[in-house]
**Q** 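Below is one structure. I have some questions about it.
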Amino acid sequence: MSEMTLLQDLQARGLVAQMTSEEELEKHLAEGSVSLYCGFDPTADSLHIGSLVPLLTLKRFQEYGHKPFALVGGATGLIGDPSFKAQERKLNDDATVAGWVEKLKKQVSQFVNFDSGENSAEVVNNLDWTQNVDVLAFLRDVGKHFSVNQMIAKESVKQRIDREGEGISFTEFTYMILQSYDFQQLNAEHGVTLQIGGSDQWGNITGGIELSRRKNGNQVFGLTLPLITKSDGTKFGKTESGTIWLDSSKTSPYAFYQFWLSTADADVYRFLRYFTFLPVAEIDRIDEEDAQRQGRPEAQGVLAREVTRLVHGEEGLAAAERITQALFSGDTAALSEDDYRQLAQDGLPSTDVKAAYGDTLAETPLTTLLVDAGMANSGKQIKDALQRNAVVINGQAYGAEDNMKAAEIFAEANARFGSYFLVKVGKKKHCLLTI
RNA sequence: GGUGAGGUUCCCGAGUGGCCAAAGGGAUCAGACUGUAAAUCUGACGCGCAAGCUUCGGUGGUUCGAAUCCACCCCUCACCA
């Protein structure tokens with residue numbers, strides 16, 4: 001890491017979408033430790049990888065000596081951010097949101113350091129300063145600073161206002177004011193002078209800058225991160241099996257690792273810049289070397305390792321690599337009994353066939369059994385796979401005629417070490433069945 | 001409150017009495033080719049191994065037969081007040 005400033009590093013990584021006055025921000029950051037914040041709204045019981053860039057960016061700031069505040073939106077999560085959302089969203093009830101807040105607090109805490117003296121991180125909840133504000137006071141003291149004319153001109157709500165067939169409720173429309181109030185409060189109470197967020201947050205951030213200037217008389221700054229896009233135009237962070245969560249009980253380290261490993265070539269070097277702490281020069285070197293080499297690039301492996309380590313630690317990474325090695329090396333016969341036991345513990349989906357079906361195993365079609373095991377969404381998919389010899393159990397491929405032969409297939413004689421069956425459907429889906 | 005437009009299978013979107021489990025596209029899954037890529041080609045794609053079963057906002061009705069017609073209700077949007 002040479003003489004690069006934080007901003008230069010962020011820019012080299014493509015991590016800056018917009019910011020307020022580059023020169024002044026650069027100067028401000030050079031003056032000493034800056035307190036900054038980023039908000040995370042509880043919309044589920046875990047964050048997903050969409051929040052990873054902001055989380056890692058907080059960490060990047062902290063590594064440069066700044067003090068990060070992770071804000072969990074106990075209040076804003078009750079309202080719902082309309083920014084660039086096509087539709088009005090359903091409200092979640094208080095208790096649910098409160099539960100999510102607690103989980104997010106823990107999750108967010110993994111990424112920043114709470115024990116680094118002066119610039120130790122803090123976690124705050126905007127419910128703390130909003131729940132007791134009374135409506136009239138809010139309207140008079142805060143609302144008065146916002147012009148509806150300006151608010152409806154914001155790009156982030158434009159499509160909801162202009163577009164045929166959609167609309168926006170007053171509740172969601174007010175979201176921007178709440179977020180602005182957060183910034184102003186954090187500025188007043190904790191000396192926070194910078195807010196970062198996704199590029200969709202720009203409108204909300206500038207609102208807070210304006211409010212801090214008017215109410216606190218302080219100049220504060222904003223910086224947004226780019227929307228993560230994929231070259232094929234599909235949405236980042238989703239796979240066939242759903243969202244990639246940061247919580248290991250929702251997305252296992254193995255599945256997480258696999259997600260990154262399957263990053264498209266066209267995206268992988270960009271993602272290395274976004275999601276890892278590897279120096280940009282190092283990433284460029286990997287890019288060049290991959291370009292020279294025939295066959296499989298190295299970048300996906302590096303990306304998967306780095307990000308899995310950041311989110312799930314060395315242990316999670318080791319588990320993910322163990323499973324990957326076992327399943328994709330092609331040599332599953334070489335696995336020891338201990339290895340099989342380890343696979344299940346490491347997060348390879350597993351089912352106890354005997355416990356689940358017992359005597360009815362003989363009448364259970366493979367289609368049902370494998371759907372239950374989570375290998376497909378419907379029996380049709382398994383049927384299709386069977387017809388194409390894509391169902392492989394302990395190295396043996398089965399066809400459509402074997403559909404009703406579960407009892408024979410899962411006989412003890414066929415099991416590895418008397419109880420394990422490694423099932424593969426297609427090229428990438430695996431699970432462990434035991435008897 | 002008034003007027004108008006709508007609510008179709010994961011998404012978009014056709015379908016206005018039988019030929020509709022419902023066109024087309026996207027997404028997704030599987031196969032070939034590969035690098036656990038991309039692109040391309042092939043097949044699948046409501047549920048069910050199958051016989052068969054259940055869908056077109058909801059409820060009732062008309063009809064031999066309804067996603068399609070009628071009534072009421074719910075929801076969304078736009079404009080007007």
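These numbers come from the heavy atoms of this one structure, side chains and all, not from hydrogens, waters or symmetry mates. So you know, we letter chains A, B, ... as the sequences are listed, proteins then strands, and number each from 1. Predicted, not measured: the structure shown is a model, and the values here were computed from it.
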**Q** Can you find an N or O donor on one side and an acceptor on the other, under 3.5 Å apart, linking the side chain of A:Asp265 with the base of B:rG35?
**A**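 Such a pair is found, so the answer is yes.
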**Q** Does A:Arg416 qualify as a cation-pi partner of A:Phe421, given the criterion of NZ or CZ under 6.0 Å from the six-membered ring centre and within 45 degrees of its axis?
**A**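 So A:Arg416 doesn't make the cation-pi contact.
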**Q** According to the Watson-Crick and G-U wobble definitions, with both distances under 3.5 Å, which nucleotide is paired to B:rU54?
**A**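 When the pairing criteria are applied, nothing turns out to pair with B:rU54, so the answer is none.
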**Q** Under 3.5 Å for both donor-acceptor distances, Watson-Crick or wobble: does B:rC69 have a partner, and if so which one?
**A**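 Pairing partner, where one exists within any strand: B:rG61.
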**Q** Is atom CD of A:Glu315 surrounded by more than 12 heavy atoms (other residues, nucleotides or ligands) closer than 6.0 Å?
**A**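 No, because the 6.0 Å sphere around CD of A:Glu315 holds 12 heavy atoms or fewer from other groups.
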**Q** Take atom C1' in B:rA37 and the same atom in B:rG48, then report the distance between them in whole Å.
**A**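 One C1' to the other, the span is 36 Å.
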**Q** Using only heavy-atom distances, decide whether a donor-acceptor pair under 3.5 angstrom links the side-chain of A:Lys380 to the base of B:rG46.
**A**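 Counting by modelled atom types and ignoring angles, no donor-acceptor contact under 3.5 Å is found here.
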**Q** Is there a donor and acceptor pair closer than 3.5 Å between the side chain of A:Gln258 and the base of B:rU36?
**A**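 Counting by modelled atom types and ignoring angles, a donor-acceptor contact under 3.5 Å is found here.
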**Q** Answer with base, sugar-phosphate or nothing: what part of the nucleic acid does A:Thr368 contact at a heavy-atom distance below 4.0 Å?
**A**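 Touches sugar-phosphate only.
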**Q** Using both distances under 3.5 Å as the test, list the Watson-Crick or G-U wobble partner of B:rC41, or none.
**A**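 Check on B:rC41: paired to B:rG31, both distances under 3.5 Å.
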**Q** Could you tell me if the ring centre of A:Tyr357 sits under 6.0 Å from that of A:Phe410?
**A**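 For A:Tyr357 and A:Phe410, the ring centres are not under 6.0 Å apart.
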**Q** In whole Å, measure the gap between the P atoms of B:rU16 and B:rG60 for me.
**A**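 Those two atoms are separated by 26 Å.
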**Q** Is the distance between the ring centroids of A:Phe256 and A:Trp245 under 6.0 Å?
**A**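 That pair fails the under 6.0 Å test.
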**Q** On the nucleotide B:rA37, are OP1 or OP2 found under 4.0 Å from the side-chain N or O atoms that A:Ser262 carries?
**A**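 False: A:Ser262 side-chain N/O out of range (4.0 Å or more) of B:rA37 OP1/OP2.
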**Q** Using the P atom as the reference point in each nucleotide, state the distance between B:rG46 and B:rG24 in Å, no decimals.
**A**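 So the two P atoms sit 12 Å from each other.
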**Q** May I have the distance from A:Met375 (atom CE) to B:rU28 (atom C1'), rounded to whole angstrom?
**A**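 The answer, rounded to whole Å, is 16 Å.
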**Q** Which base sits across from B:rC79 as a Watson-Crick or G-U pair, both distances under 3.5 Å?
**A**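 The answer is B:rG2, by the H-bond criterion.
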**Q** Check the pair A:Phe259 / A:Thr251 against side chain to side chain contact (heavy atoms under 4.5 Å, CB included), numbers first and verdict last.
**A** CA-CA 10 Å; A:Phe259 168 81; A:Thr251 298; over 6 Å; no
**Q** Nearest to the side chain of A:Asn403, heavy atoms from C-beta on, is which of B:rG35, B:rC49, B:rG43?
**A**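 The listed nucleotide nearest to A:Asn403's side chain is B:rC49.
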**Q** A:Leu386 CG to B:rG48 P: how many Å, rounded?
**A**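 So the two atoms are 14 Å apart, to the nearest Å.
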**Q** In the strands shown, is B:rU16 matched to any nucleotide by a Watson-Crick or G-U wobble pair with both distances under 3.5 Å, and which?
**A**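 Paired with no nucleotide.
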**Q** Atom CD1 of A:Ile382 and atom C1' of B:rC45: how far apart are they, to the nearest Å?
**A**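 The distance from CD1 of A:Ile382 to C1' of B:rC45 comes to 14 Å, rounded to the nearest Å.
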**Q** Taking any strand in view, what nucleotide pairs with B:rC49 in a Watson-Crick or G-U wobble way, both distances under 3.5 Å?
**A**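 Pair assignment: B:rC49 / none.
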**Q** Could you measure between the two P atoms, the one in B:rA67 and the one in B:rG58, and give it in whole Å?
**A**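 About 11 Å, rounded to a whole number of Å.
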**Q** Could you say whether A:Gly426 or A:Thr324 is positioned toward the 5' end of RNA chain B, judged by the nucleotide with the nearest heavy atom to each?
**A**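 The residue whose closest nucleotide sits nearer the 5' end is A:Gly426.
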**Q** With P as the reference atom in both, quote the distance from B:rU59 to B:rU68 in angstrom, rounded to an integer.
**A**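 To the nearest whole Å, 12 Å.
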**Q** What is the distance, rounded to the nearest whole Å, between atom NZ of A:Lys427 and atom C1' of B:rG31?
**A**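 Rounding to the nearest Å, NZ of A:Lys427 and C1' of B:rG31 are 8 Å apart.
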**Q** When rounded to the nearest Å, what value does the distance between P atoms of B:rA27 and B:rU40 take?
**A**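 Result for the P pair: 10 Å, nearest Å.
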**Q** Is the shortest side-chain N/O distance from A:Arg388 to OP1 or OP2 of B:rG43 below 4.0 Å?
**A**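 No, outside the criterion.
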**Q** Measure CG/A:Asn377 against P/B:rC47 and give the value in whole Å, please.
**A**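 That distance rounds to 9 Å.
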**Q** So if I take every side-chain heavy atom of A:Asp384 and compare against B:rA44, B:rC49, B:rU36, which nucleotide ends up nearest?
**A**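 Nearest listed nucleotide: B:rA44.
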**Q** Using a heavy-atom cut-off of under 4.0 Å over every strand shown, decide if A:Ala390 touches base, sugar-phosphate, or nothing.
**A**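 Touches sugar-phosphate only.
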**Q** Rounded to the Å, how far apart are A:Lys230 NZ and B:rA27 C1'?
**A**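 Checked: the NZ to C1' distance equals 11 Å.
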**Q** B:rA30 C1' sits how many Å from A:Lys429 NZ, rounded?
**A**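 These atoms are roughly 8 Å apart.
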**Q** When you match A:Gln381 and A:Thr263 each to their closest nucleotide on RNA chain B, which lands nearer the 5' end?
**A**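 That would be A:Gln381.
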**Q** Evaluate A:Arg341 against A:Glu337 for salt bridge (charged side-chain N to carboxylate O under 4.0 Å, His left out), listing each step before the verdict.
**A** CA-CA 6 Å; A:Arg341 223 173 278 133; A:Glu337 185 167 7; 3.5 Å; yes
**Q** Taking everything shown except A:Lys250 itself, do over 12 heavy atoms lie less than 6.0 Å from its NZ?
**A**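 Check passes, neighbour count above 12.
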**Q** Work out how far the C1' atom of B:rC69 is from that of B:rG17, and round it to whole angstrom.
**A**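 Straight-line distance between the two C1' atoms is 8 Å.
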**Q** What is the nucleic acid contact for A:Gln300, judged by heavy atoms within less than 4.0 Å: base, sugar-phosphate only, or nothing?
**A**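 Contact class for A:Gln300: base.
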**Q** Could you work out the separation of B:rU9 and B:rU55 based on their P atoms and round it to a whole Å?
**A**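 Straight-line distance between the two P atoms is 14 Å.
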**Q** Would you say the rings of A:Phe275 and A:Phe236 are close, in the sense that their centroids are separated by under 6.0 Å?
**A**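 Yes.
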**Q** Is there a Watson-Crick or G-U wobble partner for B:rC10 with both distances under 3.5 Å, and if so, which one is it?
**A**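 Per the H-bond distance test, B:rG26.
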**Q** Atom NZ of A:Lys424 and atom C1' of B:rA30: how far apart are they, to the nearest Å?
**A**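 Nearest whole value for this atom pair: 12 Å.
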**Q** Whether A:Lys428 contacts B:rA37 is assessed here as follows: a side-chain N or O lying under 4.0 Å from the phosphate OP1 or OP2. Is that the case?
**A**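 Yes, because at least one side-chain N or O of A:Lys428 sits under 4.0 Å from OP1 or OP2 of B:rA37.
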